[in-house]
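Right, one structure below, let's go through it.
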Protein chains: 2
Amino acid sequence: MGSLKMANPTSRDIAEIAGVSQATVSRALRNSPLVRKETRDRIQEIAKELNYFVNRNAAGLRTHQSNTIALLLFDETGGADAQINPFFLSMLGYISRAAARRGYDVLISLQQLSDDWHVEYQASHRADGLILLGYGNYVTYREKLAALSAANTRYVIWGPVIKDHPGHTIGCDNENGGFQAARHLLSLGRKRIAFLGQTSPRSPEFSARYAGYMQALLAANVHPDPGLKVDADNLEELGYQAVEQLLAAGESFDAVFAVTDVIAIGAVRALLNAGIRVPEDVSVVGFDDMPLAAHVTPALTTVRQDIRLAADGLVDAIVGLIEERPVESTLMAPKLVVRESCGAKKGVRHK
Amino acid sequence: MGSLKMANPTSRDIAEIAGVSQATVSRALRNSPLVRKETRDRIQEIAKELNYFVNRNAAGLRTHQSNTIALLLFDETGGADAQINPFFLSMLGYISRAAARRGYDVLISLQQLSDDWHVEYQASHRADGLILLGYGNYVTYREKLAALSAANTRYVIWGPVIKDHPGHTIGCDNENGGFQAARHLLSLGRKRIAFLGQTSPRSPEFSARYAGYMQALLAANVHPDPGLKVDADNLEELGYQAVEQLLAAGESFDAVFAVTDVIAIGAVRALLNAGIRVPEDVSVVGFDDMPLAAHVTPALTTVRQDIRLAADGLVDAIVGLIEERPVESTLMAPKLVVRESCGAKKGVRHK
DNA sequence: CGCGAGGATGCAATCGTATTCATCCCGTAT
DNA sequence: ATACGGGATGAATACGATTGCATCCTCGCG
């Protein structure tokens with residue numbers, strides 16, 4: 001009835017009010033069966049009344065835990081101006097939800113290559129484990145990842161699953177995804193399929209997509225033309241430029257497989273800009289199925305990575321590591337999503 | 001030389017190695033001038049060598065701080081399936097960077113209406129202050145915000161600046177933005193400008209944009225037609241449906257002002273789908289300038305909210321509150337960004 | 001040669017919770 | 001009636017850093 005006010009109540013305050021010891025309060029608030037149900041309820045009631053919440057610093061100090069997961073996004077841009085990879089951003093929401101469901105908070109951190117992120121988070125007890133997004137490039141990160149392992153830090157990477165690789169990985173079967181994309185274009189009668197994307201060893205995920213693409217071509221007895229392969233990093237402008245480059249080189253092609261939706265969107269813009277119709281003249285397929293893929297015009301056919309499932313997998317894995325359960329790296333199956341940009345729908349295509 | 005290994009070094013371990021007291025170590029690591037420079041350097045060296053990092057729980061317990069800002073995103077969707085508002089997501093990156101620059105970590109949390117978020121974060125010492133995104137709807141949140149204030153929680157809201165409103169706010173001058181959008185369309189000779197967006201008191205930001213739009217019409221002596229106003233929440237589908245609805249009602253219009261880029265993109269899709277050319281037949285203007293606005297086809301003319309500036313402002317404000325400096329609510333100026341969808345560029349328009 | 005000032009460091013008391021171990025109480029079996 | 005067992009609670013301590021205060025040393029000056 002009389003609402004008890006108090007600035008910063010502690011468990012000791014509650015103990016005093018409830019007429020029990022602080023130890024009992026601590027137990028009661030954690031729902032310990034050691035405390036009689038009646039007492040427990042009474043204590044919890046008082047806590048609620050006082051707007052009391054366990055001091056996480058104190059609890060963490062005692063238990064050596066933080067109940068927090070650090071989400072490290074590799075900040076490719078390096079600068080303060082650029083946008084973060086939207087694919088990772090949209091993953092973030094699902095990760096946060098999944099973590100909350102398991103009682104973990106999520107700390108985000110944009111990391112640059114020069115940063116000393118490799119140990120700090122866990123060593124400082126800010127986080128119990130790390131989720132790494134954008135670190136698919138193992139060549140660059142090898143030493144840092146090794147340092148993480150050496151420091152006994154718990155971490156999970158979103159990226160290609162590679163054997164003999166330190167740490168645990170959740171990733172998408174990129175090769176299969178690239179295969180599906182190319183096979184679909186071939187099934188539509190397309191034969192000259194341009195490939196847009198970076199395939200250096202620095203980008204193993206994109207390289208895998210390329211490998212899948214090649215595999216599909218060979219399976220269909222279509223001879224790949226090196227002139228149709230253009231390197232392009234993951235930016236809309238670069239997708240645009242890649243197509244400009246193909247056109248300037250006088251290459252003829254009837255389809256484009258872009259290693260990323262972002263690149264695909266740039267490619268479409270360049271095509272339309274050059275008076276080439278999509279999908280009538282050129283079919284376009286992207287990769288990722290990012291939120292806007294369905295909403296650009298024409299709606300983008302793409303290879304979906306189920307980011308919700310991915311997020312759940314990442315959180316499951318890191319929580320598993322934290323709670324010392326066995327965890328395995330897993331490869332998720334991508335899925336072709338057919339929309340308008342490839343021309344398979346609505347019979348809009350060349351008849 | 002000999003790399004000293006140690007599982008979880010504490011400041012006491014370092015003290016022992018350095019041959020000083022633990023207190024001195026603590027001071028040295030915080031760069032206190034009380035410690036002689038030589039000693040300080042030596043201690044820091046040892047700390048680095050041992051891969052030692054200050055235990056944040058212990059430090060936080062002692063200092064009653066966490067050096068963490070909680071970023072609360074209102075999870076409009078409520079469900080686990082939907083995407084988070086991309087506008088907020090892209091803000092997140094900048095907020096994280098700005099916070100890092102000031103020595104703060106960022107904790108993210110998707111909150112639903114039913115959640116008891118109003119006090120927990122600060123009371124539990126998980127965060128020193130809160131940034132609220134997506135809480136523009138003060139009618140719904142009034143009591144929760146009041147509770148925050150009552151609990152002496154430090155928070156900053158991204159949203160409309162309203163007088164007599166508890167707490168501090170950073171926002172964009174939505175009315176002016178709406179005015180600019182409509183005035184631009186009028187200057188292109190458009191007279192029948194549809195307005196797409198929710199304007200209930202639950203959405204004061206959108207209502208303000210509508211007010212600006214009305215003001216521009218009146219200033220140009222154009223009589224607003226109620227039939228051209230369609231309610232639509234912030235989803236691409238709903239933008240699509242809004243245009244469908246206008247067309248089904250047989251309304252004639254030569255422009256669309258969508259209260260959001262997401263809605264605008266849906267509107268464009270519906271228009272193109274109906275065989276209506278954009279911008280030749282209908283000009284479209286959106287609001288926000290989200291990352292993809294420039295990259296859809298046709299590129300979207302829109303009213304930009306400078307999210308980088310906004311993020312800096314929010315972080316400045318919350319850090320100011322935390323460090324007990326005076327802070328004021330501020331209103332930022334939006335800016336019209338002319339691209340293709342309005343027809344002002346390239347002389348593509350009806351001549 | 002003594003004394004005071006001030007720079008450098010150490011001592012020890014917190015911060016609020018979780019948990020081990022001891023204690024107490026009560027019912028039941030002998 | 002007594003001893004015993006187990007359920008419920010309390011006392012005491014540890015977690016690792018920060019910080020006010022005491023201490024000590026050195027140097028300059030009278």
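Just so we're clear, the structure is a prediction, and the values are computed from it rather than from any experiment. Below, chain A is the first sequence line, B the second, and so on; all start at residue 1.
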Open item on the list: Are the side chains of B/I170 and B/M332 in contact, using a 4.5 Å heavy-atom criterion?
Closed with: yes
Open item on the list: Pair B/V319, B/I69 - check side chain to side chain contact (heavy atoms under 4.5 Å, CB included), show working.
Closed with: CA-CA 9 Å; B/V319 170; B/I69 295 168; 4.2 Å; yes
Task: Whole-Å gap separating P (D/dA17) and CD (B/E16) - done: 14 Å
Open item on the list: side chain to side chain contact (heavy atoms under 4.5 Å, CB included), that's the test. Do A/Q111 and A/L132 meet it? Break it down for me.
Closed with: CA-CA 10 Å; A/Q111 296 284 341; A/L132 272 44; over 6 Å; no
Open item on the list: Rounded to whole Å, how long is the line connecting atom CZ of B/R56 with atom C1' of C/dT17?
Closed with: 20 Å
- [ ] Tell me what A/H64 touches on the nucleic acid: a base, only sugar-phosphate, or nothing, going by heavy atoms under 4.0 Å.
- [x] sugar-phosphate
- [ ] Examine D/dG16: is either OP1 or OP2 under 4.0 Å from a nitrogen or oxygen in the side chain of B/Y52? Give yes or no.
- [x] no
Could you run down the sub-3.5 Å N/O contacts of the protein with nucleotides 19-26 of chain D?
from   : atom 1 : to    : atom 2 : distance (Å)
D/dG20 : O6     : B/R27 : NH1    : 3.4

Task: Derivation of the side chain to side chain contact (heavy atoms under 4.5 Å, CB included) call for B/D13 and B/Y52 - done: CA-CA 10 Å; B/D13 296 323; B/Y52 167 84; over 6 Å; no
Open item on the list: Please determine whether side chain to side chain contact (heavy atoms under 4.5 Å, CB included) holds for the pair B/V327 and B/V156, giving the CA-CA distance in whole Å, both sets of side-chain angles, and the decisive distance to 0.1 Å.
Closed with: CA-CA 10 Å; B/V327 167; B/V156 182; 5.8 Å; no
- [ ] Check A/I157, A/I108, A/I95 against A/I131 for a side chain to side chain contact (heavy atoms under 4.5 Å, CB included) and give me the one that passes.
- [x] A/I95
Task: Short side-chain donor-acceptor distance under 3.5 Å, A/N31 and A/Q44 - done: yes
Open item on the list: Side chains of B/L145 and B/L148, heavy atoms from C-beta outward: is any pair under 4.5 Å?
Closed with: yes
- [ ] With axes from five pairs an end, tell me the bend angle of the helix from C/dC1-D/dG30 to C/dT30-D/dA1, nearest 10°.
- [x] 60°
TODO: Look at the side-chain N and O atoms of B/S11 and state whether any lies under 4.0 Å from the OP1 or OP2 oxygen of D/dA17.
DONE: yes
TODO: Figure out the NE2/C1' separation between A/H125 and C/dA18, and round it to whole Å.
DONE: 15 Å
Task: Flag for A/S149-A/Y155: side-chain donor and acceptor within less than 3.5 Å - done: yes
- [ ] Please tell me which of B/A58 and B/V35 maps to the more 5' nucleotide of DNA chain C, matching each residue to the nucleotide holding its nearest heavy atom.
- [x] B/V35
Open item on the list: In this structure, how many angstroms lie between the P atom of C/dA18 and the CG atom of A/L29, rounded?
Closed with: 8 Å
Task: B/L61 side chain, from C-beta outward: closest of C/dT9, C/dC15, D/dA11 - done: C/dC15
- [ ] Would you indicate, yes or no, if C/dG16 has its OP1 or OP2 atom less than 4.0 angstrom from a side-chain nitrogen or oxygen of A/T10?
- [x] no
Open item on the list: Categorize A/V20 for me: base, sugar-phosphate, or nothing, with a 4.0 angstrom heavy-atom threshold over every strand shown.
Closed with: sugar-phosphate
- [ ] Let me know the distance between CD of B/Q65 and C1' of D/dA17, rounded to the nearest Å.
- [x] 13 Å
- [ ] To the nearest Å, give me how far apart CG (B/N55) and P (C/dG16) are.
- [x] 16 Å
- [ ] Please work out if B/V54 contacts a base, only the sugar-phosphate, or nothing of the nucleic acid, heavy-atom cut-off 4.0 Å.
- [x] sugar-phosphate
- [ ] Quickly work out the A/R12 CZ to C/dT14 P distance and round it to whole Å.
- [x] 12 Å
TODO: Could you check how far CD of A/E38 sits from C1' of D/dG7, rounded to whole Å?
DONE: 14 Å
Task: Side chain to side chain, A/R126 and A/E120, heavy atoms closer than 4.5 Å - done: yes
